[in-house]
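Below is one structure, written out as structure tokens, with a few remarks after it.
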Amino acid sequence: MMFLIKMTQVRLILIVAAFLTLAGNFTFLEKTILVYPFSENWLFVCSLLVWLFVFLSALLLLLCYRYTIKPILIILLMTSSLVSYSTNNYGIVFDHNMLANTFETNTTEFLDLVTLKSFMYLLFFGLLPSYFVLIITITKSPLKTRLFQRIKALLIMIFIFILLTMSFYKPLSSFARENPDLRMYINPTYYLYSMTKYVGAKFNTSTTPFSQIGLDAKIIKKVNKQRLLVLVLGETARVDRFSLNGYKRQTNPMLEKEDVVSFQKMTSCGTDTSLSIPCMFSSLSRTDYSHSKGKNMSNVLDIVSHAGVEVLWLDNNSDSKGVADRISFEDYRLAGVNPICDIECRDEGMLIGLQDFIDTNPEKDMLVVLHTMGSHGPAYYKRYPDTFEVFLPVCQTNQLNECSDDEINNAYDNTIVYTDYVLSKLIAVLENNIKIDESAMFYVSDHGESLGENGLYLHGMPYLIAPDEQKKVAAIMWFNEGLSLSLDIDLIKEKIDLPLSHDNLFHTLLGFMNIETEVYLQDMDIVAQ
Ligand SMILES: [Zn+2]
């Protein structure tokens, strides 16, 4: 061997803990200094860092032994480097929802996030320090000596921790109380904490028995007319970017010509796909929803299907997040299935699948979900065919920090123009199927997006601190002539300025499909008459 670096386990742990504390907390420090200016609070800010270091060291001293030390430290270094990248560049916080989102992200979405800068973070904050950990030779010493060193180090850390906590008790507790969001930026402690929460929830979901609800559901109709509802799940579509809703740019040239009802105050259940989607279809409200409860219970599609409606989920996004586990599902991201693909498969292709489904169901009522790719970021420029590049210049990279806010917003607005086109095509499909007496489209997005407001980008902020841009979503309804006769559309139009939310979706779908069940709440049904 060319060179040899020897050190004790304790020393290696302390070095790595110091490195992680200093290299991983730029955003935390930056945000802290905003609240506590460094010149007046330098002692407090430094003590915070020491406090974090001491806590992490004590944790690692408890976890790292001869065979676990190198794997644990290396995994921690690699993960923290990527977390740092996401937090420093996109303001992303790794709470347990974000983790669920990360684990459930597919490869294409993942590739959208790979950039040169993310590689630099991985190299300097992950790979190089990991290499250092790998080549270190841990000094061998008798068990007694090692044990003594470790207990001594642990006691010192605990002592410093208590000393710091006691001397800064007042500022520390008011800091924690007044800035509950800041702890989420602490790297690696916060994502480790989220990880235990996520694993706990997963374990709960897999051990809780499935509970069926709405088994009394029946279709009750006054007149025997066939009904079709197409529910379009939008992706990352902000309400304020639709010219239908007053946006200054014409992003809805097609829908503006249609008689649609556009809701102005619809809020999402979560700020990311993996939380919003299952929550939207669940009978639980946003405040009651958790994956362990919601995913273990019949959702509205199960109930509608049980009542006798033909239900189909077409997906051009990721998957149904478990919602379509018990109903028919078709993956439209595959070029063999989706007939309209260029650099990626387009949402418009699902309309062909919709027509096929309509053709095979000449009599029964139908509910079809189209899960669109919509405005999924950060690679907005990939989300529409070239002809929809209306606003220029656009950000042509997934590395948002390389683009101006104008370029990012142009690319995003183009995705809305494409969505506008897809929805108008869908309306045309529904209008062409004259044999179906009553049909409707209900478009609603899963969450919004930050596009540079207050330096924030993308989505997935914890709900408590998420800005409106991530929570206020587009929601649009269209009814064919037959359904306009059955429903009092003016009554529905009166609700466009009411504070609606994804909580309304469960009951609205039941209402749309004429389903009676004890779990239906008429007050929550947007189309209730
Ligand atoms: Zn989403």
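Order of appearance sets the numbers: ligands from 1, and atoms from 1 within every ligand. Below, all heavy atoms of this structure are taken into account, side chains as well, without hydrogens, waters or symmetry copies.
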Worksheet entry | With the Zn ion (ligand 1) as the apex, the OE2/NE2 angle for E235 and H447 - to 10° | 100°
Worksheet item: Is the Zn ion (ligand 1) less than 2.8 Å from an N/O/S atom of T273, whether that atom is in the backbone or a side chain?
Response: yes
Practice prompt. Tell me yes or no: between the side chains of Y457 and H459, is some donor less than 3.5 Å from an acceptor?
Written response: no
Discussion item. I'd like to know if the Zn ion (ligand 1) has an N/O/S atom from H376 within less than 2.8 Å of it, counting both backbone and side-chain atoms.
Written reply: no
Worksheet entry | Considering only N, O or S atoms of D446, the one closest to the Zn ion (ligand 1) | OD2
Practice prompt. Could you tell me whether D359 atom CG has more than 12 heavy atoms of other residues or ligands within 6.0 Å of it?
Written response: yes
Discussion item. Less than 4.0 angstrom from a charged side-chain N to a carboxylate O is my criterion; do R249 and D413 meet it?
Written reply: yes
Worksheet item: Do the charged groups of R238 and E453 touch, with an N to O distance under 4.0 Å?
Response: yes
